[in-house]
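Just so it is clear, the model here is predicted, and its values are computed rather than measured.
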Amino acid sequence: MGLWVPFVLLWIDSLNLEVLVVSYLDLARGRYSCRSFEDRSVEQAVVDAIVEAGRIAPSACNNHPTRVMVLDTPELLEKAAACQPRFARDESIFGAPLVFLICSVTDDAWVRPYDQMNSSEIDTSIVCDQMMMEATEQGLGTCWVCHFKPEVAQEQFNLPKGVYPYHMLVCGYPADHIADPEHREARTIPLPNFLLK
């Protein structure tokens with residue numbers, strides 16, 4: 001059972017009455033791009049929790065242009081794989097049992113008046129990130145996929161006019177494991193390079 005409190009997550013083991021405190025940074029460091037999944041479905045309660053994490057995400061001017069499609073049937077997963085055959089495995093993307101297609105009603109998004117920047121990419125990214133971290137908290141592996149053909153996704157899923165697909169969040173119980181901390185740290189940007197001065 002998970003309980004959100006400021007800056008920490010508490011997991012309560014009712015049998016042992018032990019409390020494990022995990023900071024958000026620990027959760028973020030534990031998340032990785034999973035490309036191998038167990039052959040089992042994700043429980044509906046877990047799917048619902050991930051969707052809720054996306055639903056409550058903030059957006060520019062509170063316009064909420066993001067729309068999410070849950071892909072969890074063989075037919076829908078095969079359509080997802082058709083959007084990027086390079087990632088197709090076992091009639092899904094990386095063989096995952098669950099994919100979220102994250103789109104935007106672009107005309108509903110806030111537009112910055114100074115340069116006409118449409119906030120759809122930002123708003124959908126926030127939604128995708130919150131869903132990804134909730135999936136991680138739920139014990140799932142995830143992979144955020146943007147390398148797919150949007151026009152194929154529009155056709156495969158018969159998306160309404162004005163709805164543009166930006167991301168696919170691939171989820172499932174991981175069949176691989178995270179790299180050791182030293183290997184992961186070597187792949188991140190050094191702090192002095194990350195901060196502008």
Side-chain angles (χ1 to χ4, degrees), residues 24 27-28 30-37 42 46-73 75-112 117-174 176 187-189:
Y24 179 79
L27 184 69
R31 187 261 155 203
Y32 67 102
S33 294
C34 180
R35 295 179 178 87
S36 181
F37 299 92
V42 176
V46 174
V47 175
D48 293 344
I50 296 168
V51 169
E52 181 65 5
R55 186 188 71 81
I56 64 174
S59 66
C61 287
N62 217 29
N63 283 8
H64 298 290
T66 304
R67 301 294 183 270
V68 175
M69 183 179 286
V70 180
L71 314 177
D72 60 356
T73 67
E75 180 186 9
L76 292 173
L77 292 170
E78 190 171 357
K79 288 182 176 183
C83 299
Q84 179 45 281
R86 177 181 167 192
F87 299 151
R89 189 179 308 146
D90 298 325
E91 300 180 334
S92 180
I93 296 178
F94 301 129
L98 175 65
V99 177
F100 296 98
L101 179 64
I102 301 172
C103 309
S104 178
V105 181
T106 53
D107 286 347
D108 288 355
W110 176 74
V111 176
R112 186 164 59 191
M117 182 205 74
N118 185 295
S119 68
S120 287
E121 290 184 50
I122 297 169
D123 293 336
T124 55
S125 293
I126 294 169
V127 167
C128 191
D129 187 68
Q130 290 201 182
M131 293 174 70
M132 181 177 69
M133 297 313 296
E134 176 62 26
T136 302
E137 183 187 355
Q138 295 285 340
L140 301 184
T142 63
C143 190
W144 186 332
V145 174
C146 291
H147 189 185
F148 64 90
K149 297 179 179 178
E151 65 276 11
V152 176
Q154 288 170 319
E155 180 183 338
Q156 289 286 335
F157 299 107
N158 195 28
L159 296 179
K161 185 178 179 180
V163 175
Y164 190 83
Y166 283 98
H167 322 279
M168 288 189 188
L169 181 62
V170 180
C171 301
Y173 289 99
D176 58 8
R187 296 181 64 182
T188 61
I189 184 171

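Annotation for E52: atom CD counts as buried by contact number, over 12 foreign heavy atoms lying within 6.0 Å. In E121, the CD atom is not crowded: 12 or fewer heavy atoms of neighbouring residues, nucleotides or ligands sit closer than 6.0 Å.
Proximity of a side-chain donor or acceptor of S119 to a complementary backbone N or O of I122 within less than 3.5 Å is not detected. Between the side chain of R35 and the backbone N or O of D176, no donor-acceptor pair lies under 3.5 Å. Distance alone, capped at 3.5 Å, is enough to place a donor-acceptor pair between the D123 side chain and the A60 backbone.
Here the CH2 atom belonging to W144 is positioned 4.0 Å from the SG atom belonging to C128, to the nearest 0.5 angstrom. Here the SG-CD1 distance, from C83 to I93, works out to 7.0 Å after rounding to the nearest 0.5 Å. Rounding to the nearest 0.5 Å places CG of L159 at 5.0 Å from SG of C103. Rounding to the nearest 0.5 angstrom, the gap separating the OG1 atom in T124 from the CG atom in D129 is 11.5 Å. Note: F100 CZ to D72 CG = 8.0 Å, rounded to the nearest 0.5 Å. To the nearest 0.5 angstrom, C61 atom SG is 12.0 Å from R112 atom CZ.
Side-chain contact between Q84 and M168 is absent, with no heavy-atom pair separated by less than 4.5 Å. Contact of the S125 side chain with the Y166 side chain is not registered, since no non-hydrogen atoms from C-beta on lie closer than 4.5 Å. Side chains of Q138 and V42 form no contact here, defined as non-hydrogen atoms less than 4.5 Å apart. When side chains are defined from C-beta on, L140 counts as touching I50, because their heavy atoms get closer than 4.5 Å. Considering only heavy atoms from C-beta on, R67 comes within 4.5 Å of D108 through its side chain. With contacts defined as side-chain heavy-atom distances shorter than 4.5 Å, the pair C143/F94 qualifies. In this structure the side chain of L101 reaches within 4.5 angstrom of the side chain of L71, judged on heavy atoms. Proximity of I102 to M131: side-chain heavy atoms (C-beta onward) are separated by under 4.5 Å at one or more points.
When all heavy atoms are compared, the tightest approach of T106 to N118 is O-ND2, 3.0 Å. For the residue pair F37 and G141, the shortest heavy atom distance occurs at CE2-O, 3.5 Å. Shortest non-hydrogen contact noted between P165 and F148 is O-CZ, 3.9 Å. When all heavy atoms of A57 and H64 are compared, the closest pair comes out as O-CE1, 3.3 Å. Nearest approach of Y32 to P174, heavy atoms of both residues: OH-CB, 3.4 Å. Closest approach of A88 and A81 over heavy atoms only: CB-CB, 3.9 Å.
Counting only N and O atoms by type, the side chains of S59 and N63 include no donor and acceptor under 3.5 Å apart. Judged purely by distance below 3.5 Å, without hydrogens or angles, the side chains of Q130 and E134 never pair a donor atom with an acceptor atom.
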Walk me through whether V70 and L98 qualify under side-chain contact (heavy atoms from CB on, under 4.5 Å).
CA-CA 8 Å; V70 180; L98 175 65; 3.9 Å; yes

